[in-house]
Every structure is written in structure tokens, then in C-alpha cells.
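Taking it in order: structure first as C-alpha cells, then the write-up.
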Protein chains: 2
Amino acid sequence: MEQFPLFRNITAEQWQDMQRCFGVVERSYRADEVIYDFGDGRNMIGIVLSGSAVVERIDDQGNRAILEHLTPGGVFGEMLMFANVHGDSIRVLCEQPGRVCFLSYQALTKRCENACDHHSRLVENMFTLVADKATLLSERVEVLSRRSIRDKLLCYFAMQSAKGQQSAFTLPFTLSALADYISADRSAMMRELKKMRAEGIVEVKGRQVRLTA
Amino acid sequence: MEQFPLFRNITAEQWQDMQRCFGVVERSYRADEVIYDFGDGRNMIGIVLSGSAVVERIDDQGNRAILEHLTPGGVFGEMLMFANVHGDSIRVLCEQPGRVCFLSYQALTKRCENACDHHSRLVENMFTLVADKATLLSERVEVLSRRSIRDKLLCYFAMQSAKGQQSAFTLPFTLSALADYISADRSAMMRELKKMRAEGIVEVKGRQVRLTA
DNA sequence: AAAAATATGTGACATTTGCCACAAATGGGT
DNA sequence: ACCCATTTGTGGCAAATGTCACATATTTTT
């Protein structure tokens, strides 16, 4: 338990204390189960402990879009991601079965009298989780702010290969999901990928990608 | 000084201490001055205290894009926004003259032995600033993830009017800047706005916008 | 092992968008 | 009050993108 970012420098016993102090709730979820529904106004922060989840938006016309992929360490909640535009609903759905814990944003940001040491350690750890979230969101904004599908793909590929420090890497999701991530039509993306392959800019077989430029 | 989020529950004297402890640097900037250049690898967190700044990216073809607007309380830095894709440069430029303070990400996340009370208060305050940043980025992702210019505009307008709890509101920037924000061509956006006006969906005069749907 | 569901790949066609060029309006600064 | 820079507004045209429709892998479930 100690190696997970949320629990850094926190012992199991201290975590027990905190659960009482902050009203922490921990739950398991099965695939496709609804973990959280924005608009319920529960004002909670959720943290993915294991498994994975997706934040999806369904607008008034019924279009589904994936706003975020959450892996262990991922955080969500109204205070961390303003959402509810008029009619469309935003939900967090379980993808890979796993555990999620919830704590109140208020309890975290308001200094409490007792157990203040626990408190500050938890805030420190939450700080790194939220900072990581900001990084991921920044990356996505960088990709989405490109004007064309080609530029979006090149930006995303460049980032991924920079992370692994190799020109080749494996996509963390399917090509269909990649189309969602860059917010483009799947078949339009496929067409562009074909062109890019033909021009010798990238090699794509399955989820293996290599930048050859 | 106490009302600014970064300094909540921190007195001027404590702030003096912290500046020594964390090696905080504070500086003033004139309009158009370069505040920060990613890729210098200084690994600092910057916080806008007053004035405003923009985070801009110039890609290898020379295209300029605004990634973020920073107002007082806005934070930036490599650890908070992964950036440097291959050749293109990302910089923070001063817009409205003001002050910025810098502190080391390491000092913030590593528990220090002395002055631990200062430390945890600062982390708490940084937590709220980074959480706010995550919120802003989430909003932008929500807008950018819409497929068409019209949907982007409607999403953005809906968010703004939801904030003010009114159907009318004032744009925080020019229409040109709005085009940058939604990452669309300005004239294409104008064309779409004209159509929307003609259909009676919105009223736009200057920076005044009203949703009439 | 078969069946069902999901993902990949491709093409034709309509629409949207980006790009360019230019005129008018607005806004700061001196 | 003037000038200069920026913003707003508009149109034509080419290129990029989305939509639909379908065939083929691939993966997952039964």
C-alpha cells in the first residue's frame, strides 16, 4: 500500500485513522459499472486505486465522447474538472475492474484541528496526483490545439516516443480510441494514417508505431 | 498579501522565511517580456501574482498557438505541463505587466526537515492552485473535444453563461483570441457566428454574448 | 469451437473548414 | 485629433474532414 502515490509516507494504520477523519469511502467496481455521475453534486474527489476508468460525456444529441482515461492514481470530481454544460451528462465508468476511493474536497482543503499531520501528508500526495492530472490534460490540450488530423497525430506520436525515448512505441489504446482521443472521425483518421504511411512518415502495424521522419 | 490564494494562512514574515527555505524568486515583468522558456530545463514552478501571461507554442513551421492564458493564481512549469515536442518551442510571455514568483518543484514535493509547518501550508495552497489549473484545462478539453466550430462555440458559451448564471455574459477576450482558444480559423469562426446569429441561436455584439436558444 | 462483438480498413460523396485577400471599424498611444 | 496597430467582418476557392456504407480482421464471450 505504501508505494501507491496517494499513500506515500502514510502507514496502513494512519490510513485507517484518515478514513474516519475524512469520511473516506473505498469501493470495488465491475466493468461498465457507473462509478460517478457528475450532476449528482456530491462534491467528492475520486481516486482510482486499481483497474481503470473512463470519463465520458454524452451530449443532448446522444454523441458519446471520451474526455479522459483514468488509470491508477487518476483523480476526478466536480472541483477538479468543471463539467455539466446544460443538458449533457458526464459520467465515470469502470473499464478494468478495480477499486476507487472517495474523499470530500472540503475536508481536504479545510485545515482540521486534529490529525493535522495526517492531513498535510494527504494533501501533499494529492498535490502530486493533481499535478500529474494537469500534465496529462496539458498534453491533451497540446494535441487537440493542432489544426489538422495529421498534425494531431504527429504531435501525439512525438510525445509518446519522447516519453519512451525511442522512435518506436506501443499505443496505450486501440486506433478507434485514438480517434476519440484526438477528437477526430475514425475513418478520416485512418485515411490520414494511410497517407502518412504512403509518404513514409510513420510505420503503423497494429498498436506498434514508429516515427521514421 | 494574505488574500491571494498562494498566501492563504501565511503571514508576510513566514513568507520571508519560505523564500529563504525554498529559494523562492520573485520578479516583475513588462509587457511582451519572456517569463519562461520551456526547454531551459530549470524545473521550476512559476506562479502569476499579478498581471497576466500567455503560454504560447511556436511549431517548426512557425505557427503560433496560444496554449493557455494565465491570470493571477495561474501556475506553469515543466512538471505541470509536459511540453517540449521535438523542435517546437513553448514560452510564457508577459501580457499585462505584473509579478511572478518561482519555486523549485523538488523543494515543494520533498518533505523538508525544518520549517515543516510552512512547507505543508504552502503545499496546501499550491494544491488549490493546481486543482484550479486542472479545472481550467478540463474545460478547455471539453470545448476542444467537440467536433465542429459550432459545437465548440455553443459549449464554450454554455459554460460561460453557466458560470455567471445568466444567459448573457462578456467574453474575457477578443473574438480573435476566442478563435485561438477553440483552435479554429478565425474567419471560419466568424462565418459560423454569422450563421448562428442568422438562425437566432446567439446574439453577439462586441464582446457581449447572449444565448437565445 | 462457434458466435458475437468490436476493431480495422477502404471508398464515394457532401459538408465543413482552412486559407487568402481585402475593406471597414475599433482602440490605444502620443 | 491623428496615426498606427489590431480587431472585426466578408467572400471565393481549394483542401481537409465528416458521414455513410460495407468488407474484413481481430478479440471476446458463450
Side-chain angles (χ1 to χ4, degrees), chain A residues 30-32 52 54 56 59 61-66 69 93-97 143-155 170-199 201-209, chain B residues 30-32 54 56 59 61-66 69 93 95-97 143-155 170-199 201-209:
Chain A
R30 297 186 304 278
D32 300 318
S52 68
V54 291
E56 68 164 34
D59 66 21
Q61 282 116 52
N63 300 107
R64 202 168 120 259
I66 289 171
H69 272 268
L93 295 184
C94 180
E95 201 178 49
Q96 304 291 325
V143 172
L144 290 178
S145 68
R146 308 279 166 164
R147 301 282 182 88
S148 68
I149 291 182
R150 172 174 297 221
D151 285 345
K152 286 178 182 178
L153 287 173
L154 285 175
C155 177
T170 305
L171 288 176
F173 34 54
T174 67
L175 289 175
S176 299
L178 177 59
D180 282 340
Y181 182 85
I182 69 172
S183 198
D185 180 78
R186 185 191 62 82
S187 69
M189 185 191 80
M190 298 299 269
R191 173 176 42 204
E192 197 62 41
L193 265 181
K194 205 214 288 198
K195 278 192 210 168
M196 289 164 73
R197 252 185 302 217
E199 293 176 30
I201 301 176
V202 289
E203 290 171 20
V204 183
K205 21 183 172 8
R207 293 189 191 180
Q208 291 295 319
V209 180
Chain B
R30 298 186 304 277
D32 300 319
V54 291
E56 67 164 35
D59 66 20
Q61 281 117 52
N63 300 108
R64 202 168 118 258
I66 289 171
H69 271 268
L93 295 185
E95 201 177 48
Q96 306 290 326
V143 171
L144 290 178
S145 68
R146 308 281 167 163
R147 300 285 181 87
S148 67
I149 291 182
R150 172 174 296 222
D151 284 344
K152 286 177 181 177
L153 286 173
L154 286 175
C155 177
T170 305
L171 288 176
F173 33 54
T174 67
L175 290 175
S176 299
L178 177 58
D180 281 341
Y181 182 85
I182 68 172
S183 198
D185 180 78
R186 186 190 62 82
S187 68
M189 186 191 80
M190 297 301 269
R191 174 174 44 206
E192 196 62 40
L193 265 181
K194 202 213 286 201
K195 277 194 211 166
M196 289 164 73
R197 253 186 300 218
E199 293 176 33
I201 300 175
V202 288
E203 291 171 20
V204 184
K205 22 181 171 12
R207 294 189 190 179
Q208 291 295 319
V209 180

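Numbers restart at 1 for each chain; the letters A, B, ... are given by sequence-line order, proteins then strands.
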Per D185(B) side chain, nearest of listed nucleotides dG18(C), dT8(D), dC13(C): dG18(C)

Whole-Å gap separating C1' (dT6(C)) and CG (L175(A)): 13 Å

Contact summary for I182(A) and L144(A), nearest pair of heavy atoms: O-CD2, 3.4 Å

Backbone of V202(A) reached by a side-chain donor or acceptor of R197(A) within 3.5 Å: no

Closest listed nucleotide, where the reference is the side chain of R191(B) and the choices are dG12(D), dT7(D), dT10(D): dG12(D)

Nearest to side-chain heavy atoms of M190(A), which nucleotide of dG9(D), dG18(D), dT10(C): dT10(C)

Atom pair distance, as rounded to whole Å: CG in L193(A) and C1' in dT10(C): 13 Å

Flag, side chain of S145(B) to backbone of S183(A), donor-acceptor distance under 3.5 Å: no

Touch class at under 4.0 angstrom, heavy-atom based, for S187(A) against every strand present: base

Sugar-phosphate only, base, or nothing, as touched by R147(A) at under 4.0 Å among non-hydrogen atoms: sugar-phosphate

Length of the line joining M189(A):CE and dG9(C):P, which is rounded to integer Å: 9 Å

Atom-pair distance (CE on M196(B); C1' on dG9(D)), nearest Å: 17 Å

Nearest-angstrom distance from the residue atom CD of E192(B) to P of dG9(D): 15 Å

Sugar-phosphate only, base, or nothing, as touched by I149(A) at under 4.0 Å among non-hydrogen atoms: sugar-phosphate

Contact summary for H69(B) and F173(B), nearest pair of heavy atoms: NE2-CD2, 4.1 Å

CA sep, side-chain torsions, deciding dist, call: R150(B), E199(B), salt bridge (Lys or Arg N to Asp or Glu O under 4.0 Å): CA-CA 12 Å; R150(B) 172 174 296 222; E199(B) 293 176 33; 3.0 Å; yes

Residue whose closest nucleotide on DNA chain D lies nearer the 5' end, S183(A) versus A177(B): A177(B)

Side-chain-base donor-acceptor pair under 3.5 Å for R186(A) and dG18(D): no

Length of the line joining R146(A):CZ and dA16(D):P, which is rounded to integer Å: 17 Å

Rounded distance (Å) that lies between atom C1' of dG18(C) and atom CG of D151(A): 12 Å

Atom-pair distance (CZ on R197(B); P on dT10(D)), nearest Å: 7 Å

Shortest side-chain distance from A188(B), nucleotide among dG9(C), dG18(C), dT8(D): dG18(C)

Nearest listed nucleotide, side chain of K194(A), among dC13(C), dT10(C), dT8(C): dT10(C)

